[in-house]
2 protein chains.
Amino acid sequence: MSGIPVRVVLADDERMVRTALRVILDAEEGIEVVGEAATGAEAVSVVRELRPDVVLMDVRMPEIDGIRATEQILATLADPPRIVVVTTFENDAYVYEALRAGAAGFLLKRAAAEELVQAVRLVACGDSLLYPAAVRTLAAEHAARRPAPAPPWAARLTGREADVLRLMAAGLTNAEIAGRLSVGPATAKTHVAAVLAKTGARDRTQAVIAAYTSGFISPA
Amino acid sequence: MSGIPVRVVLADDERMVRTALRVILDAEEGIEVVGEAATGAEAVSVVRELRPDVVLMDVRMPEIDGIRATEQILATLADPPRIVVVTTFENDAYVYEALRAGAAGFLLKRAAAEELVQAVRLVACGDSLLYPAAVRTLAAEHAARRPAPAPPWAARLTGREADVLRLMAAGLTNAEIAGRLSVGPATAKTHVAAVLAKTGARDRTQAVIAAYTSGFISPA
DNA sequence: ATCCGCCTCCGCCGCACGGGGGAGACGGAT
DNA sequence: ATCCGTCTCCCCCGTGCGGCGGAGGCGGAT
């Protein structure tokens, strides 16, 4: 490292913010702020011209917001810079939008100067991402979805009943379920009735809903 | 910062890895490796005794793996250290498990020394998380789930029909839907029929399935 | 040998459901 | 003034569905 400095472009509609960031970053060894932009459109052209290593991109900007600017930069440039999206609010929607747009990192404006510097260094040298507490939410959300809220009745279902519930959740009628399982229609009905009783569902629709909401089957 | 050094504990079953990490980290200003552990159980007791700021935890270890060790540390200690999980493989399952266990960060063993150092500094100074490319997957997964696979019929549903579909997906019968919307049963039936036609569903169950799988309503 | 859980089937019955029509009222679009 | 989409409601009809009870076979547990 530190052979050639990390070249950074700042994109923010407020001059003061840009100045503050520039002061912080220019004071650092191996980091050089090479350009600024006040709008999303300007950011795109500046980046296209200067080809920086890292872009600090504000989300809220006139003309084109940071998200779209990020999309455009990543879509139109070969070997694009790593883009760190900067925002004031820890708004989930922005985080996800930024990630979807292809941002390499995400940073809050209230982040400490150290965090800012490390963020720039980090995204510059690796394919790593930097994150504020928002990731906790993302991760927790994902984690919460994984082990499922534990369906209490799932364990009580017999193997055959589980099969039937899966087929019910696929939208099959009793007759179709019977055909698929190579059993008589009466048998299918019996299993369905058992599933309804064990899931506490009033009808097959509620049973299917329970199957989805409990994670017994995934929407995918 | 740099007032008091960041105190780090290394947990990895291979001595060579521990040594390598120690060499890298000890060379850094403001970072001090204060302890090592070769097993998950050992990691728990060492951390309990030394109270470090950061723990670099290998996932694959004898007796207790890194994930469980992380869980135990976070569950039993007040003011626990920030734990960075280190692994060789970019295995998604490990990432999610680690996050679920409460790890503050995630790092690949093939990460550059710089990344390692910055990871330690980062988790030590803020509530920030550090990430390798695996986050891309996580984020992409989340992003992919957000805008939904675009339900083509959703736009074709009228406001009332959308209401009805939501109530259908809640497990209500036609009569109940009518009551909830303060309309006659016949009207509810009409709307239901329209929903079935537009979603291409054969019966209400299939319509509800479509609502779930298309993201029209969320399992949560 | 006995019990119990699971799977397999059988009837009967009531009803909500879904298909196929038609119809009136309101509002916005042109 | 006319059309069209939406919401509202009505009829009939067939049937799949769900509730009820009963039955036989088969395997494991004790």
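Below, chain A is the first sequence line, B the second, and so on; all start at residue 1.
- Every residue meeting the side chain to side chain donor-acceptor pair (under 3.5 Å) condition with A/Asn174, not counting sequence neighbours, appears here in chain and number order: A/Arg204.
- Put simply, CD1 on B/Ile177 is 11 Å from C1' on C/dC17, counting in whole angstrom units.
- Taking A/Glu42 as the reference, A/Ala37, A/Ala38, A/Thr39, A/Val46 meet the side-chain contact (heavy atoms from CB on, under 4.5 Å) condition, with sequence neighbours excluded.
- Rounded to whole Å, the distance from CZ on B/Arg204 to C1' on C/dC15 is 13 Å.
- Partners of B/Leu181 under the side-chain contact (heavy atoms from CB on, under 4.5 Å) rule, at least two apart in sequence or in another chain, are B/Arg160, B/Asp163, B/Val164, B/Leu167, B/Ile177, B/Val183.
- For B/Arg18, the side chain to side chain donor-acceptor pair (under 3.5 Å) partners at least two apart in sequence or on another chain are B/Glu36.
- Atom NE2 in A/His191 sits roughly 16 Å away from atom P in D/dC17 (whole-Å rounding).
- For A/Val192, taking side-chain heavy atoms from C-beta onward, the closest of the listed nucleotides D/dG18, D/dT8, C/dC9 is D/dG18.
- If you take CG of B/Asp203 and C1' of D/dG14, they are 16 Å apart, rounded to a whole angstrom.
- DNA chain C lies under 4.0 Å from at least one heavy atom of each of the following residues of residues 166-174 of chain B: B/Thr173, B/Asn174.
- Counting non-hydrogen atoms under 4.0 angstrom, B/Thr187 reaches a base of the nucleic acid.
- Axis angle across the helix from C/dA1-D/dT30 to C/dT30-D/dA1, with five pairs used at each end and values rounded to 10°: 50°.
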What does nucleotides 19-30 of chain D look like as a protein-contact string, B for base, S for sugar-phosphate only, - for none, at under 4.0 angstrom between heavy atoms?
-> B-----------

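- For the pair A/Asp163 CG and C/dC6 C1', the interatomic distance rounds to 13 Å; values are reported in whole Å.
- B/Leu116 places a side-chain heavy atom less than 4.5 Å from the side chain of B/Leu56.
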Please tabulate, for side-chain N and O atoms in residues 187-203 of chain A, each donor-acceptor pair with protein atoms closer than 3.5 Å (sequence neighbours left out).
from	atom 1	to	atom 2	distance (Å)
A/Thr190	OG1	A/Ala186	O	2.9
A/Lys198	NZ	A/Arg156	O	2.9
A/Lys198	NZ	A/Glu161	OE1	2.9
A/Thr199	OG1	A/Val195	O	2.7
A/Thr199	OG1	A/Leu196	O	3.3
A/Thr199	OG1	A/Ala201	N	3.4
A/Arg202	NH1	B/Glu176	OE2	2.6
A/Arg202	NH2	B/Gly171	O	3.0
A/Arg202	NH2	B/Glu176	OE1	2.9
A/Arg202	NH2	B/Glu176	OE2	3.4
A/Asp203	OD1	A/Thr205	N	3.2
A/Asp203	OD1	A/Gln206	N	3.0

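- When the C1' atom of C/dG5 is taken as reference, atom CG of A/Leu157 falls 14 Å away, rounded to whole Å.
- In this structure, B/Glu161 and B/Pro185 both approach DNA chain D, and ranking their closest nucleotides by distance from the 5' end singles out B/Glu161.
- In terms of the side-chain contact (heavy atoms from CB on, under 4.5 Å) criterion, residue partners of A/Thr76 (sequence neighbours excluded) are, by chain and number, A/Arg48.
- For A/Ala169, the side-chain contact (heavy atoms from CB on, under 4.5 Å) test picks out A/Val208, A/Tyr212, A/Ile217, with sequence neighbours left out.
- Remark: B/Gln72 CD to B/Ile64 CD1 distance equals 4.5 Å, nearest 0.5 Å.
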B/Asp12 and B/Val86: CA distance, side-chain angles, deciding distance, side-chain contact (heavy atoms from CB on, under 4.5 Å) verdict | CA-CA 9 Å; B/Asp12 195 302; B/Val86 184; 5.7 Å; no

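- A/Arg68 meets the salt bridge (Lys or Arg N to Asp or Glu O under 4.0 Å) test with no other residue; sequence neighbours excluded.
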